[in-house]
Amino acid sequence: LIRSRTMATTRIGTEDPRMSKIVIHNGIVYISGQTDGTTTDIKNQTANVLKKVDDLLAQANTDKSKLLTSSIWLKDISRDFKDMNDVWNGW
């Protein structure tokens, strides 16, 4: 016997019908990928992206203290890794 449960899914930030900025499913918050095109400096880019992440998490009534995982993509890891991590660690 297989029983199916209905699990609520909430979508926030659906201005673009192809995606949601935030999806909450089964109590877990997923946010879409974030980028920053306002500066070429990795420290400022990282700070700007992390501010976006904070804002999205707040919209979902949570915060970074409950973060389970994160994926970060750097264009030039050998050049930017240390500076990105400096900002991340301060966050």
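Residues: numbered from 1 along the sequence shown. Model, not experiment: these values are computed from the prediction.
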(Q) When you compare the side chain of D36 with that of T38, does any pair of heavy atoms fall below 4.5 Å? (A) yes

**Q.** Partners meeting side chain to side chain donor-acceptor pair (under 3.5 Å) with W91 (sequence neighbours left out)
**A.** D54

**Q.** Nearest heavy-atom neighbours spanning D63 and L57
**A.** C-CD1, 3.8 Å

Q) How long is the span from the NZ atom in K64 to the OG atom in S70, to the nearest 0.5 Å? A) 12.5 Å

Q: Could you check if a side-chain atom of T9 sits within less than 4.5 angstrom of a side-chain atom of I24, using non-hydrogen atoms only?
A: no

Q.
With rounding to the nearest 0.5 angstrom, report the CG to NZ distance, L56 to K51.
A. 10.0 Å

Q. Does K75 NZ have over 12 foreign heavy atoms under 6.0 Å away?
A. no

Q: Verify side chain to side chain contact (heavy atoms under 4.5 Å, CB included) between V23 and T10, making sure each step is shown before the conclusion.
A: CA-CA 6 Å; V23 174; T10 302; over 6 Å; no

Q: Write down the atom of A60, the atom of I12, and the distance for their closest heavy-atom approach.
A: CA-CD1, 4.5 Å

Q | Hphob cluster co-occupancy, V29 + L67, side-chain heavy atoms under 4.5 angstrom | A | yes

(Q) If I take atom CD1 from residue I42 and atom CD from residue Q45, how far apart are they, to the nearest 0.5 angstrom? (A) 4.5 Å

(Q) For V87, is there any backbone N or O sitting under 3.5 Å from a side-chain donor or acceptor partner on K43? (A) no

(Q) On a heavy-atom basis, which atom in F81 and which in L74 lie closest, and how many Å separate them? (A) CA-CD1, 3.8 Å

Q) What distance do Q34 atom CD and I72 atom CD1 have between them, rounded to the nearest 0.5 Å? A) 12.5 Å

Q) Taking only residues two or more places apart in sequence, or in another chain, which ones meet Q59 in a side chain to side chain donor-acceptor pair (under 3.5 Å)? A) none

Q.
Determine whether N48 and K52 satisfy the following criterion, side chain to side chain contact (heavy atoms under 4.5 Å, CB included), listing intermediate values before the conclusion.
A. CA-CA 6 Å; N48 292 343; K52 289 180 182 182; 5.7 Å; no

Q: Examine the side chains of T39 and D41 and answer whether a donor and an acceptor come within less than 3.5 Å of each other.
A: no

Q) So which heavy atom on S32 is nearest to which on S20, and how close? A) CB-O, 3.9 Å

Q: Just jot down the side-chain contact (heavy atoms from CB on, under 4.5 Å) partners of D76, sequence neighbours excluded, or say none.
A: S78, R79, D80

